[in-house]
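Data first, discussion second: the structure below is written as structure tokens.
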Amino acid sequence: MDVLKELADAIILGQAQKAEELTHKALEEEGLEPGKVLNEGLIAGMNVVGEKFKNNEYYVPEVLIAARAMKAGLKVLRPKLAETGVKPVAKLVIGTVKGDLHDIGKNLVSMMMEGAGFEVIDLGVDAGPDKFLQAIESGAPHLIGMSALLTTTMLNMKSVIEALEKKGVRDRVKVIVGGAPVTQSYADEIGADGYAPDAATAVEVAKALLNLN
Ligand code: B1M
């Protein structure tokens, strides 16, 4: 069987060890590009998991197990995706917003940004306005990235932007947002500088916002 199909299946079935081994195999034995392994193996598998979850064929435990398998594959892929980076082109602070525990997409964006040469400070999940403000004060980033996967938590992106305005630091940073329920029009509505539908586009948008192209 095609190694990427096998890898996608390992994600769907939540087989962490197999996902790790197959990611190694795809990269080292088959010599496939890390981006291809990511999109056609790991993300393809997670998309099926998402569909199954939506159709009530999978419940939270299955999804968690699949997420663990995805993380095992990402661990192998991470250095390969980041390998292209030389010295940091700019500094990014990124986090999944308050109330939201989804971090796979945010981690992908972080990895792609690292791969593009950004220094990434990851605030993790459930990050409220105070965490972002603190990171701006202590880290002086050029860019703030927020991720949200729930229609309820995407509202918290606005709270972060409002907190930056209130503290008088909004013009020190560019703000980029993303995540499945987030759209360009929502980004415009809350006053974000940029929106990206996926991790690869996030890099392009970040570079364009900072005039790094
Ligand atoms: Co959750 N979940 N989940 N979940 N989960 C979704 C998001 C959901 C769409 C499933 C569904 O119903 N079909 C649904 C949200 C509905 C809604 O609000 N619209 C949902 C729900 C309801 C929930 C719970 C409420 C379930 C419950 O408890 N009843 C609960 C909430 C917990 C919480 O956060 N407080 C919950 C829990 C979980 C798990 C913990 C089990 C697990 C998360 C594990 C983890 O992340 N460590 C989980 C998962 C895995 C999913 C699905 C299946 C997959 C998400 C994922 O990782 N996708 C998801 C269904 C789906 O999306 N198909 C679902 C793969 C990832 C690569 O894509 O994160 O979209 P994504 O990231 C993309 C882009 O969006 C973009 O780039 C990434 C890569 O290209 N992007 C950015 C993301 N962030 C960006 C930031 C940027 C730019 C681009 O700039 C900064």
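Counting starts at 1 for both ligands and their atoms, in listed order. Keep in mind that what you see is a predicted model, and the values were worked out from it rather than measured. Keep in mind that the numbers below use all heavy atoms, side chains included, and drop hydrogens, waters and symmetry copies.
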Q.
Heavy atom to atom 74 (C) of ligand 1, shortest distance: which of Ala180, Gly145, Pro197, Gly194 holds it?
A. Pro197
Q | From Gly179, Gly95, Pro61 - option closest to atom 83 (C) of ligand 1 by heavy atom | A | Gly179
(Q) Set out, in order, the CA-CA distance, both residues' side-chain angles and the distance that settles side chain to side chain contact (heavy atoms under 4.5 Å, CB included) for Leu133 and Leu164, then state yes or no. (A) CA-CA 7 Å; Leu133 278 175; Leu164 301 185; 3.7 Å; yes
Could you tell me whether [atom] has at least one protein heavy atom nearer than 4.0 Å?
| atom | value |
| --- | --- |
| atom 20 (C) of ligand 1 | yes |
| atom 37 (C) of ligand 1 | yes |
| atom 52 (C) of ligand 1 | no |
| atom 88 (C) of ligand 1 | yes |
| atom 9 (C) of ligand 1 | no |
| atom 34 (O) of ligand 1 | yes |

Counting non-hydrogen protein atoms only, what is the nearest one to [atom]? Give residue, atom name and distance.
| atom | value |
| --- | --- |
| atom 45 (C) of ligand 1 | Asp103 OD1, 3.4 Å |
| atom 44 (C) of ligand 1 | Ala67 CB, 3.9 Å |
| atom 63 (N) of ligand 1 | Gly50 CA, 3.5 Å |
| atom 80 (O) of ligand 1 | Ala199 N, 3.1 Å |
| atom 65 (C) of ligand 1 | Met46 CG, 3.6 Å |
| atom 78 (C) of ligand 1 | Gly105 CA, 3.8 Å |
| atom 67 (C) of ligand 1 | Leu108 CD1, 3.3 Å |
| atom 18 (O) of ligand 1 | Thr151 N, 2.9 Å |

Q) What are the two closest heavy atoms between Arg172 and Ile136, and how far apart are they? A) NH1-CG2, 4.1 Å
Q: Identify the heavy atoms of Leu149 and Asp100 that sit nearest to each other, and give their distance.
A: N-OD2, 2.8 Å
At less than 4.0 angstrom from any non-hydrogen atom of [X], what atoms of ligand 1 do you find?
| X | result |
| --- | --- |
| Asp100 | 34 (O) |
| Asp198 | 76 (C), 77 (O), 80 (O) |
| Gly99 | 33 (C), 34 (O), 35 (N) |

Q. Measuring from Leu150:CG to Thr96:OG1, what's the distance to the nearest 0.5 Å?
A. 10.0 Å
Q. Does Ala66 have a heavy atom less than 4.0 Å from any atom of ligand 1?
A. no
(Q) Within the structure, is a non-hydrogen atom of Pro181 found at a distance of less than 4.0 Å from ligand 1? (A) no
Q. Could you go step by step and tell me if Val175 and Arg170 meet the side chain to side chain contact (heavy atoms under 4.5 Å, CB included) rule?
A. CA-CA 9 Å; Val175 176; Arg170 175 66 184 91; 3.6 Å; yes
Q) So, are Lys36 and Glu40 salt-bridged, with charged N and O less than 4.0 Å apart? A) yes
Q) So, Asp9 and Lys18, do they make that salt bridge, N to O below 4.0 Å? A) no
**Q.** Beyond-backbone contact of Leu74 with Leu38, side-chain heavy atoms, under 4.5 angstrom
**A.** yes
Q) Hey, are the side chains of Leu22 and Gln15 touching, using non-hydrogen atoms and a 4.5 Å cut-off? A) no
Is a donor on one side and an acceptor on the other found under 3.5 Å between the side chain of [X] and the backbone of [Y]?
| X | Y | value |
| --- | --- | --- |
| Asp103 | Lys106 | no |
| Lys91 | Gly139 | yes |
| Tyr186 | Met154 | yes |

Q. Looking at Asp122, Leu143, Asn107, which one forms a side-chain contact (heavy atoms from CB on, under 4.5 Å) with Ile94?
A. Asp122
Q) Between the side chains of Asp198 and Thr201, is a donor N or O closer than 3.5 angstrom to an acceptor N or O? A) yes
Would you kindly specify which portion of [X] sits under 4.0 Å from ligand 1, judged on non-hydrogen atoms: side chain, backbone, both or neither?
| X | answer |
| --- | --- |
| Val177 | backbone |
| Lys71 | side chain |
| Leu101 | both |

Q: Find out if a path of hydrophobic residues (ILVMFWY) with successive side-chain heavy-atom gaps under 4.5 Å connects Ile104 to Leu101.
A: no
Q: Please report the C-alpha distance between Gln134 and Asp130 in whole Å, then the side-chain angles of each, then the deciding distance to 0.1 Å, and finally whether the side-chain hydrogen bond (donor to acceptor under 3.5 Å, both in side chains) criterion is met.
A: CA-CA 6 Å; Gln134 212 178 350; Asp130 287 353; over 6 Å; no
Q.
Under 3.5 Å between any N/O of Glu51 and any N/O of ligand 1: does that happen in this structure?
A. no
(Q) Applying side chain to side chain contact (heavy atoms under 4.5 Å, CB included) to Val182 and Met157, what does each step give before you reach the verdict? (A) CA-CA 10 Å; Val182 181; Met157 293 176 156; 3.9 Å; yes
(Q) With side chain to side chain contact (heavy atoms under 4.5 Å, CB included) as the criterion, how do His142 and Lys174 come out once you've worked through the C-alpha distance, each side chain's angles and the decisive distance to 0.1 Å? (A) CA-CA 6 Å; His142 305 88; Lys174 296 287 183 194; over 6 Å; no
(Q) Suppose the cut-off is 2.8 Å; how many protein N/O/S atoms fall inside it around atom 1 (Co) of ligand 1? (A) 1
